[in-house]
Structures are given as C-alpha cells and as structure tokens.
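What follows is a short report on a single structure.
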Amino acid sequence: MNEILLIVSLVVLYTCVVMFYKFLGKTGLYCWTVLATIAANIEVLIVVDAFGMEQTLGNILFATTFLVTDILSEREGKKAAQKAVIIGVATSVIFVLITQSWLLYQPNGSDWAFPSIKAVFSSTPRVMLSGIVVYMIVQTFDVWAYHAIWKKTEKKYQDSRRFLWLRNNGSTLISQFFNTFLYTFAAFFGIYDMKTLINIVISTYVIYIVTSILDTPAVYLARRIKVSEPNTP
C-alpha cells in the first residue's frame with residue numbers, strides 16, 4: 001500500500017506543479033513553493049517502510065521544490081528561481097513562529113486537539129530550523145549549478161535548448177545528495193540511532209535519484225506549454 005501511495009503521489013504532485021505553472025504562471029509556482037515547503041516539513045516526521053527501505057515521508061513533496069526552481073530557471077530566468085528559494089525560506093520561518101505560538105496557549109478543559117498538536121509541533125522547531133538552513137544552502141546551490149551547467153553546454157554547442165536533461169538532473173542530483181546528508185543528521189541526530197539515520201540517508205537519496213530522473217519529462221513539458229499568467233488589476 002505504501003509503495004502504491006508513493007507512486008501515485010509522485011505522478012499527482014508533479015502534474016500539479018506543471019498545471020500550476022500552466023494556469024497561474026510563475027505566481028503559481030511561488031504558491032506551490034509555499035504549500036510544499038510547509039507540508040513537507042510536517043510530513044517528514046512520519047517514518048514508513050516502502051520498497052524494502054525505511055524512509056521518511058515528505059521526500060516527494062520536497063522534490064517538487066527542485067522541480068519548481070528548475071522550471072523557473074528554464075523558463076523565467078535565474079532571478080525568478082532565486083525568488084522561489086527566498087519565498088521557501090521566508091515561509092518556513094513564519095510557519096515555525098506561528099506553530100510555536102500555538103503551544104503558548106492554555107487549552108480549555110474540553111479541548112481534545114491540543115495534545116496531538118503539541119506532540120507534532122513540539123518537535124517541529126528543530127526539524128524546521130534544520131530544514132530552513134539546509135533548504136537555503138542546497139536550493140541556492142541547485143539554482144547556481146543549473147545555470148553553470150547550462151552556460152557550459154551552451155558555450156560548447158552554441159545551443160541554449162540542448163542538454164536540458166543534463167542541467168536538470170545534474171544540478172538536482174548533486175544538490176539532493178548534500179540535502180539528504182545534511183538534513184537527516186541536523187534534524188534527527190539523537191532522535192534515531194545511527195543505523196536508522198544511515199538507512200534514512202540511503203533510502204532518501206535513492207528516492208531522490210528516482211524523483212529527479214522522473215521529473216525530467218515535467219520540465220520538458222513545462223518548457224513547451226503556453227503559460228496563462230493571472231490578470232492583475
């Protein structure tokens with residue numbers, strides 16, 4: 001069941017990113033960045049078994065943020081991709097502050113939700129703060145690497161459209177390696193034993209390899225589609 005859910009999630013979420021871009025333009029991708037950043041940092045608290053590996057959830061959602069920056073880099077330019085990174089970082093910071101303010105309240109005697117909310121968000125600051133720092137580092141690197149590879153291939157072959165697959169996968173796979181190692185140990189060291197941490201690093205990176213390769217058709221599709229930017233008053 002877990003395997004089926006992960007496969008369906010990947011197809012649905014990648015499709016959503018492309019549709020957000022088609023109908024809302026880069027504004028839609030910025031909105032998706034906010035949604036994915038918040039949801040991924042909550043979902044990552046859940047550990048499941050799938051494809052014979054122990055892994056945290058949130059990997060596919062987080063992978064969509066790399067898809068967003070790659071589409072923005074390809075279609076809208078480096079500054080637009082960097083703006084998405086800034087939006088993701090700002091969203092994470094504000095979300096941490098908001099969720100921690102909830103825990104300061106004294107619940108009513110008839111309240112039933114507060115214990116569950118406290119159980120989830122009491123561990124969120126470390127997870128989220130780790131995520132913010134790592135997200136900022138690896139996403140900034142991803143945007144830089146994407147354009148560095150693009151510049152080299154364009155200079156060598158005198159064609160700006162060739163090797164999209166290389167700049168997409170090359171930048172993302174390197175970035176995801178750093179992300180997997182840094183985030184797992186920053187967020188979960190001392191919470192899980194070393195064996196579990198290593199298993200999470202290996203399984204997470206394997207997943208990112210798959211998600212990176214599978215997002216390539218989405219980037220090619222996004223390059224071809226006609227975008228409908230929302231009207232502004």
Side-chain angles (χ1 to χ4, degrees), residues 2-22 29 32-33 36-37 39-40 43-44 48-76 78 81 84-85 88 134-135 137-154 156-157 159-184 198-225:
N2 287 344
E3 289 82 0
I4 294 173
L5 286 172
L6 287 170
I7 293 170
V8 172
S9 294
L10 186 146
V11 174
V12 171
L13 293 177
Y14 281 4
T15 301
C16 285
V17 171
V18 176
M19 291 299 99
F20 266 56
Y21 183 55
K22 176 174 175 56
L29 294 185
W32 184 268
T33 297
T37 301
E43 195 179 27
V44 76
V48 300
D49 294 317
F51 300 106
M53 299 180 292
E54 187 176 26
Q55 57 189 269
T56 60
L57 293 181
N59 296 326
I60 296 175
L61 263 174
F62 191 64
T64 64
T65 65
F66 285 85
L67 174 58
V68 165
T69 54
D70 286 354
I71 292 174
L72 288 171
S73 289
E74 188 69 26
R75 288 291 301 267
E76 307 292 340
K78 189 174 182 179
V85 177
V134 174
Y135 178 91
I137 292 172
V138 299
Q139 287 281 18
T140 300
F141 175 83
D142 179 67
V143 174
W144 173 85
Y146 189 98
H147 288 272
I149 295 172
W150 195 352
K151 185 177 180 179
K152 285 185 178 296
T153 56
E154 182 179 6
K156 183 174 182 179
Y157 295 99
D159 188 342
S160 63
R161 293 181 64 84
R162 291 184 65 186
F163 295 102
L164 169 56
W165 61 270
L166 178 61
R167 53 184 177 268
N168 172 54
N169 289 298
S171 61
T172 301
L173 287 173
I174 298 172
S175 301
Q176 293 286 29
F177 175 78
F178 292 128
N179 167 68
T180 303
F181 183 84
L182 293 174
Y183 179 76
T184 299
I198 293 173
N199 286 338
I200 289 174
V201 168
I202 294 172
S203 62
T204 300
Y205 190 59
V206 168
I207 292 170
Y208 281 144
I209 292 173
V210 175
T211 57
S212 175
I213 293 172
L214 293 179
D215 81 358
T216 304
V219 180
Y220 273 95
L221 179 60
R223 188 170 71 173
R224 293 175 61 89
I225 62 176

When Ser73 is tested against each of Lys78, Arg167, His147 for side chain to side chain donor-acceptor pair (under 3.5 Å), which residue passes?
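Per the side chain to side chain donor-acceptor pair (under 3.5 Å) rule, the option paired with Ser73 is His147, out of Lys78, Arg167, His147.
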Return the [atom1] to [atom2] distance between [X] and [Y], rounded to the nearest 0.5 Å.
X: Phe178; Y: Ile174; atom1: CZ; atom2: CD1; answer: 7.0 Å
X: Leu61; Y: Glu43; atom1: CG; atom2: CD; answer: 5.0 Å
X: Phe181; Y: Ile202; atom1: CZ; atom2: CD1; answer: 11.5 Å
X: Thr184; Y: Asn179; atom1: OG1; atom2: CG; answer: 7.5 Å
X: Tyr135; Y: Asp142; atom1: OH; atom2: CG; answer: 10.0 Å
X: Glu154; Y: Arg161; atom1: CD; atom2: CZ; answer: 12.0 Å

Which atom pair, heavy atoms only, marks the closest approach of [X] to [Y]?
X: Ala50; Y: Asn2; result: CB-CB, 4.0 Å
X: Ala84; Y: Val68; result: CB-CG1, 4.4 Å
X: Val11; Y: Thr15; result: O-OG1, 2.7 Å
X: Thr65; Y: Ala36; result: CG2-CB, 3.9 Å
X: Ser212; Y: Asn168; result: O-ND2, 4.0 Å
X: Val219; Y: Leu164; result: CG1-CD1, 3.7 Å

So does Phe177 have more than 12 non-hydrogen atoms from other groups sitting under 6.0 Å from CZ?
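Result for CZ/Phe177: open.
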Walk me through it: do Val18 and Tyr14 pass the test side-chain contact (heavy atoms from CB on, under 4.5 Å)?
CA-CA 7 Å; Val18 176; Tyr14 281 4; 5.9 Å; no
Please answer whether the main-chain N or O of Ile200 pairs with a side-chain N or O of Tyr205 as donor and acceptor at a distance below 3.5 Å.
no
Answer yes or no: is there a donor N or O on one side and an acceptor on the other, between the side chain of Arg75 and the main chain of Asp70, under 3.5 Å?
no
Pairwise side-chain contact, Thr69 with Tyr146, heavy-atom cut-off 4.5 Å (strictly under):
no
Hey, are the side chains of Leu214 and Val210 touching, using non-hydrogen atoms and a 4.5 Å cut-off?
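Side chain of Leu214 against side chain of Val210, heavy atoms only: contact under 4.5 Å found.
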Using the side-chain contact (heavy atoms from CB on, under 4.5 Å) rule, take Tyr21 and Glu76 through it: C-alpha gap first, then chi angles, then the decisive distance, then the call.
CA-CA 11 Å; Tyr21 183 55; Glu76 307 292 340; 2.7 Å; yes
Does the pair Tyr220 and Glu74 meet the rule for a side-chain hydrogen bond (donor to acceptor under 3.5 Å, both in side chains), with working shown?
CA-CA 9 Å; Tyr220 273 95; Glu74 188 69 26; over 6 Å; no
Is the ring pair Phe20/Trp32 parallel, tilted or perpendicular, if the boundaries are 30 and 60 degrees?
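If you compare the ring of Phe20 with that of Trp32, the planes turn out perpendicular.
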Parallel, tilted or perpendicular: which describes the rings of Phe62 and Phe66, with under 30° parallel and over 60° perpendicular?
perpendicular
With Thr64 as reference, evaluate Thr37, Thr33, Val17, Leu10 under the side-chain contact (heavy atoms from CB on, under 4.5 Å) test and give the passing residue.
Val17
Which residue, Ile71, Leu67, Leu13, Ile60, forms the side-chain contact (heavy atoms from CB on, under 4.5 Å) with Asp215?
Leu67
Derivation and outcome, side-chain contact (heavy atoms from CB on, under 4.5 Å), residues Phe51 and Leu6
CA-CA 10 Å; Phe51 300 106; Leu6 287 170; 4.0 Å; yes
Apply side-chain hydrogen bond (donor to acceptor under 3.5 Å, both in side chains) to the pair Ser160 and Trp150, showing each step before the final yes or no.
CA-CA 7 Å; Ser160 63; Trp150 195 352; 5.1 Å; no
Show your reasoning for whether side-chain hydrogen bond (donor to acceptor under 3.5 Å, both in side chains) applies to Asn59 and Thr211.
CA-CA 9 Å; Asn59 296 326; Thr211 57; over 6 Å; no
